[in-house]
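Each remark here refers to the structure printed beneath this line.
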Amino acid sequence: MQQCRWEGLLVAVRRPLRLEECEEIAVGRERGEGVRGTARRLDRAPSVISRELRRNSSTRGYRASTAHRRAAERSRRPQQRCIERELILRERVLADLRYGRTPNQIVGRLKLEAADGTVAVMEGLLPVGGPRSRTKPSTPESMRSRLQ
(Lines give C-alpha, C1' and ligand atoms only; values in the text may rest on other atoms or scores of the structure.)
Protein backbone atom coordinates (compact mmCIF):
# COMPACT_ATOMS: atom_id res chain seq x y z
CA MET A 1 0.00 0.00 0.00
CA GLN A 2 1.33 3.42 -0.87
CA GLN A 3 1.77 6.13 1.71
CA CYS A 4 1.46 9.91 1.67
CA ARG A 5 1.62 12.78 4.13
CA TRP A 6 -1.61 14.25 5.54
CA GLU A 7 -1.49 16.97 8.17
CA GLY A 8 2.17 16.09 8.74
CA LEU A 9 1.35 12.40 9.40
CA LEU A 10 2.22 9.43 7.19
CA VAL A 11 -1.00 7.67 6.09
CA ALA A 12 -1.73 4.75 3.77
CA VAL A 13 -3.39 5.42 0.42
CA ARG A 14 -5.40 2.92 -1.57
CA ARG A 15 -4.65 2.76 -5.26
CA PRO A 16 -7.58 1.59 -7.37
CA LEU A 17 -7.32 -1.44 -9.61
CA ARG A 18 -6.57 -0.63 -13.22
CA LEU A 19 -8.55 -2.25 -16.04
CA GLU A 20 -5.54 -4.44 -16.89
CA GLU A 21 -5.47 -5.74 -13.32
CA CYS A 22 -9.21 -6.47 -13.46
CA GLU A 23 -8.61 -8.44 -16.65
CA GLU A 24 -5.80 -10.39 -14.98
CA ILE A 25 -8.15 -11.24 -12.10
CA ALA A 26 -10.73 -12.52 -14.61
CA VAL A 27 -8.11 -14.64 -16.40
CA GLY A 28 -6.93 -16.05 -13.08
CA ARG A 29 -10.49 -16.99 -12.11
CA GLU A 30 -11.03 -18.76 -15.45
CA ARG A 31 -7.83 -20.77 -14.93
CA GLY A 32 -8.92 -21.70 -11.40
CA GLU A 33 -6.15 -19.69 -9.76
CA GLY A 34 -6.69 -18.82 -6.10
CA VAL A 35 -6.93 -15.40 -4.56
CA ARG A 36 -3.43 -15.54 -3.08
CA GLY A 37 -1.89 -16.62 -6.38
CA THR A 38 -3.59 -13.80 -8.24
CA ALA A 39 -2.55 -11.32 -5.55
CA ARG A 40 1.07 -12.46 -5.74
CA ARG A 41 1.08 -12.17 -9.53
CA LEU A 42 -0.38 -8.64 -9.44
CA ASP A 43 1.73 -7.53 -6.45
CA ARG A 44 -1.40 -6.73 -4.44
CA ALA A 45 -2.68 -7.81 -1.05
CA PRO A 46 -4.95 -10.89 -1.09
CA SER A 47 -7.63 -8.80 0.65
CA VAL A 48 -7.75 -6.44 -2.36
CA ILE A 49 -8.41 -9.32 -4.76
CA SER A 50 -10.93 -10.93 -2.41
CA ARG A 51 -12.79 -7.62 -1.96
CA GLU A 52 -12.84 -7.04 -5.72
CA LEU A 53 -14.31 -10.49 -6.35
CA ARG A 54 -16.87 -10.11 -3.58
CA ARG A 55 -18.04 -6.71 -4.83
CA ASN A 56 -18.14 -7.48 -8.53
CA SER A 57 -18.90 -11.18 -9.04
CA SER A 58 -22.35 -12.17 -10.20
CA THR A 59 -24.05 -15.42 -11.13
CA ARG A 60 -22.24 -15.14 -14.48
CA GLY A 61 -18.87 -14.84 -12.73
CA TYR A 62 -16.38 -11.99 -12.64
CA ARG A 63 -16.36 -9.66 -15.66
CA ALA A 64 -13.41 -7.24 -15.81
CA SER A 65 -15.10 -4.53 -17.88
CA THR A 66 -18.23 -4.53 -15.71
CA ALA A 67 -16.15 -4.50 -12.52
CA HIS A 68 -14.02 -1.60 -13.74
CA ARG A 69 -17.09 0.41 -14.81
CA ARG A 70 -18.84 -0.17 -11.47
CA ALA A 71 -15.71 0.85 -9.54
CA ALA A 72 -15.49 4.07 -11.57
CA GLU A 73 -19.16 4.82 -10.82
CA ARG A 74 -18.65 4.24 -7.09
CA SER A 75 -15.61 6.52 -7.00
CA ARG A 76 -17.47 9.37 -8.71
CA ARG A 77 -20.19 9.62 -6.08
CA PRO A 78 -19.90 12.82 -4.07
CA GLN A 79 -18.40 11.61 -0.83
CA GLN A 80 -17.39 13.62 2.17
CA ARG A 81 -15.67 11.72 4.93
CA CYS A 82 -16.94 12.03 8.47
CA ILE A 83 -13.52 13.24 9.59
CA GLU A 84 -13.79 16.12 7.11
CA ARG A 85 -17.33 17.07 8.18
CA GLU A 86 -16.88 16.86 11.94
CA LEU A 87 -14.16 19.27 13.07
CA ILE A 88 -14.14 18.09 16.69
CA LEU A 89 -13.71 14.49 15.58
CA ARG A 90 -10.93 15.48 13.20
CA GLU A 91 -9.00 17.35 15.90
CA ARG A 92 -9.53 14.44 18.28
CA VAL A 93 -8.19 11.87 15.82
CA LEU A 94 -5.19 14.00 14.85
CA ALA A 95 -4.33 14.60 18.50
CA ASP A 96 -4.56 10.87 19.24
CA LEU A 97 -2.35 10.06 16.22
CA ARG A 98 0.24 12.60 17.33
CA TYR A 99 0.06 11.11 20.81
CA GLY A 100 1.16 7.78 19.35
CA ARG A 101 -2.10 5.86 19.30
CA THR A 102 -2.78 3.52 16.41
CA PRO A 103 -5.89 3.94 14.26
CA ASN A 104 -7.31 0.73 15.78
CA GLN A 105 -6.83 2.11 19.29
CA ILE A 106 -8.55 5.36 18.32
CA VAL A 107 -11.51 3.54 16.75
CA GLY A 108 -11.87 1.27 19.77
CA ARG A 109 -11.79 4.23 22.11
CA LEU A 110 -14.41 6.12 20.10
CA LYS A 111 -16.67 3.05 20.03
CA LEU A 112 -16.43 2.69 23.80
CA GLU A 113 -17.31 6.33 24.31
CA ALA A 114 -20.21 6.16 21.85
CA ALA A 115 -21.56 3.04 23.57
CA ASP A 116 -21.57 4.94 26.88
CA GLY A 117 -23.26 7.90 25.21
CA THR A 118 -20.47 10.12 26.52
CA VAL A 119 -18.44 11.10 23.49
CA ALA A 120 -16.55 13.94 25.10
CA VAL A 121 -14.26 16.60 23.74
CA MET A 122 -10.67 15.43 23.37
CA GLU A 123 -9.10 17.56 26.12
CA GLY A 124 -10.76 15.63 28.91
CA LEU A 125 -9.85 12.20 27.60
CA LEU A 126 -6.14 12.37 26.88
CA PRO A 127 -4.28 10.52 29.63
CA VAL A 128 -1.97 12.50 31.86
CA GLY A 129 1.63 11.38 32.22
CA GLY A 130 2.83 10.65 28.70
CA PRO A 131 2.34 7.81 26.24
CA ARG A 132 1.24 4.39 27.42
CA SER A 133 3.76 1.61 27.73
CA ARG A 134 4.00 -0.63 24.66
CA THR A 135 4.73 -3.74 26.74
CA LYS A 136 1.13 -4.52 27.66
CA PRO A 137 -1.49 -4.61 24.89
CA SER A 138 -4.51 -2.41 25.44
CA THR A 139 -7.81 -4.21 25.96
CA PRO A 140 -11.29 -2.71 25.90
CA GLU A 141 -11.60 -3.29 29.67
CA SER A 142 -8.39 -1.42 30.46
CA MET A 143 -9.41 1.41 28.14
CA ARG A 144 -12.83 1.62 29.79
CA SER A 145 -11.27 2.03 33.24
CA ARG A 146 -9.10 4.90 31.95
CA LEU A 147 -12.13 6.73 30.58
CA GLN A 148 -14.05 6.66 33.87
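Quick note: residue numbers are just sequence positions, from 1.
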- [ ] Step through the shown structure and confirm whether more than 12 heavy atoms of other residues, nucleotides or ligands are within 6.0 Å of CZ on R60.
- [x] no
Task: Test item: R92 and E113 side chains (from C-beta on) under 4.5 Å apart, heavy atoms - done: yes
- [ ] Quick one: list whatever passes side chain to side chain contact (heavy atoms under 4.5 Å, CB included) with R36, sequence neighbours left out.
- [x] R40, P46
Open item on the list: Measuring from atom CG of N104 to atom CZ of R101, what distance do you get when rounded to the nearest 0.5 angstrom?
Closed with: 13.5 Å
TODO: Please list, chain by chain and in numerical order, all residues satisfying side chain to side chain donor-acceptor pair (under 3.5 Å) with E33, sequence neighbours excluded.
DONE: T38, R41
Side-chain donor-acceptor pairs under 3.5 Å in residues 61-70, sequence neighbours left out?
residue, atom, partner, partner atom, Å
Y62, OH, E52, OE2, 2.8
R69, NH1, E73, OE2, 3.2
R70, NH1, R55, O, 3.3

Task: Minimal non-hydrogen separation, V35 against S50, with atom names - done: CG1-N, 3.9 Å
TODO: Would you please name every residue forming a side chain to side chain contact (heavy atoms under 4.5 Å, CB included) with S47, sequence neighbours left out?
DONE: A45, R51
TODO: Return the set of residues passing salt bridge (charged side-chain N to carboxylate O under 4.0 Å, His left out) with R18 (not counting sequence neighbours), or none when no residue passes.
DONE: E20, E21
Task: Residues which pass side chain to side chain contact (heavy atoms under 4.5 Å, CB included) with L89, listed by chain and number, not counting sequence neighbours - done: C82, E86, V93, L110
Open item on the list: So L94 and I83, do their side chains get closer than 4.5 Å, heavy atoms only?
Closed with: no
TODO: Might you work through the side-chain contact (heavy atoms from CB on, under 4.5 Å) test for L17 and I25, ending with a clear yes or no?
DONE: CA-CA 10 Å; L17 289 169; I25 292 171; 4.0 Å; yes
